[in-house]
Amino acid sequence: MGSHRERDGHKGGVLPKRIILVRHGESEGNLDPAAYATTPDPKIQLTAQGIAQARLAGARMRHVIAVEGSPNWRVYFYVSPYARTRSTLREIGRSFSKRRVIGVREECRIREQDFGNFQVEERMNVIKETRQRFGRFFYRFPEGESAADVFDRVSSFLESLWRDVDMNRLNHDPSDDLNLIIVSHGLASRVFLMKWFKWTVEQFELLNNFENCEFRVIQLGSGGEYSLAVHHTDKELLEWGLSPDMVADQKWRAHASRGDWNDRCPWYLDTFFDHLPDSDDDNVDKNDETKSLSVHS
């Protein structure tokens with residue numbers, strides 16, 4: 001369990017074996033967007049199909065945790081306060097016994113992006129078309145939020161999550177594998193991944209939304225780094241919108257040691273600097289040459 005004990009300087013608690021992000025099941029709003037015109041977004045319910053999806057997702061997640069890991073495991077849930085996520089959690093929970101669940105917390109910061117209050121379908125269609133032209137990350141819905149706003153509150157949640165782990169607020173036995181399941185929404189989950197893996201805005205724009213009750217498994221690799229590639233295939237990652245460079249980084253993370261730096265990923269430096277010298281000496285030589293030319297001109 002030694003590789004579980006540190007995360008970017010955090011030493012208080014045992015690190016989770018997995019963090020699983022799952023989107024809610026099919027909702028009345030997914031089935032008929034007109035529902036948002038008469039029902040507040042937080043009160044939108046699951047459909048019968050959404051309930052079935054949530055039950056199946058629970059069984060699939062239990063399989064990932066129980067079959068692919070240690071026999072000694074526990075789960076802790078975080079859930080958005082919206083009706084559709086709470087109902088999704090209720091159905092997911094049918095796959096777990098009380099002995100396996102060490103807790104659950106409703107967390108407002110992982111709620112759905114605020115699109116405004118009641119949403120008239122015709123108006124929302126025009127607004128979403130504008131968002132496509134403006135950019136999905138920075139476009140702020142009238143009377144609502146941008147994805148950048150969601151990023152800020154999800155970042156705050158992530159800091160609280162690590163404090164929970166560090167201070168063992170989850171009351172977790174360190175001899176058991178800890179699995180965190182976050183029941184949230186499509187955009188909030190994509191923003192969580194963006195924050196976790198330090199993806200750029202441009203990379204965020206590439207990502208496809210989660211399907212209803214689709215989930216992503218962020219899992220500790222052999223060296224103590226977290227990666228999507230421990231559980232998921234290259235094909236899945238590409239289908240979700242990750243670029244080949246992003247997939248390569250995930251595969252590197254699956255075996256990387258904690259604190260290692262992947263200098264092969266171009267977005268770390270190449271995106272921002274075109275012609276960095278290989279060493280300080282090269283830079284000094286060029287500066288001296290430039291000064292010399294200036295003196296003699």
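Since the model is a prediction, treat every value here as computed from it, not as a measurement.
The hydrophobic cluster analysis finds Phe118 isolated: no Ile, Leu, Val, Met, Phe, Trp or Tyr side chain comes under 4.5 Å of it, directly or through other members.
Across every non-hydrogen atom of Gln250 and Ser227, the tightest pair is O-OG, 2.6 Å. Across all their heavy atoms, Glu28 and Ile44 have their closest contact at N-CG2, 3.9 Å. Residue Thr85 comes nearest to Tyr82 through the heavy atom pair OG1-O, 2.8 Å, listed as atom of the first residue, atom of the second, then distance. Here the shortest heavy-atom pairing between Pro16 and Tyr226 reads O-OH, 2.6 Å. Shown here for Ala147 and Leu187, the closest heavy-atom pair between the two residues is CB-CD1, 4.0 Å. Nearest heavy-atom pair, Arg23 versus Gly186, reported as atom, atom and distance to 0.1 Å: CG-N, 3.8 Å.
Geometric assessment of Lys128 against the ring of Tyr139 yields a negative cation-pi assignment under the 6.0 Å and 45° thresholds. The cationic atom of Arg190 (NZ for Lys, CZ for Arg) does not lie both less than 6.0 Å from the six-membered ring centre of Phe210 and within 45° of the ring axis.
For the residue pair Asn72 and Asp177, no side-chain donor N or O sits within less than 3.5 Å of a side-chain acceptor on the partner. Between the side chains of Ser156 and Arg153, no donor N or O sits under 3.5 Å from an acceptor N or O.
Between Arg18 and Val64 there is a side-chain heavy-atom pair separated by less than 4.5 Å. For the pair Trp162 and Leu15, the minimum side-chain heavy-atom distance is below 4.5 Å.
Of the charged side-chain nitrogens involved, at least one lies within less than 4.0 Å of a carboxylate oxygen, so that Asp41 and Arg84 count as a salt-bridged pair.
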Exercise for the section: Would you sort out whether Phe157 and Tyr78 count as a ring-ring contact (aromatic ring centres under 6.0 Å, His included), showing the intermediate values? Expected result: CA-CA 10 Å; Phe157 162 68; Tyr78 293 92; 5.2 Å; yes
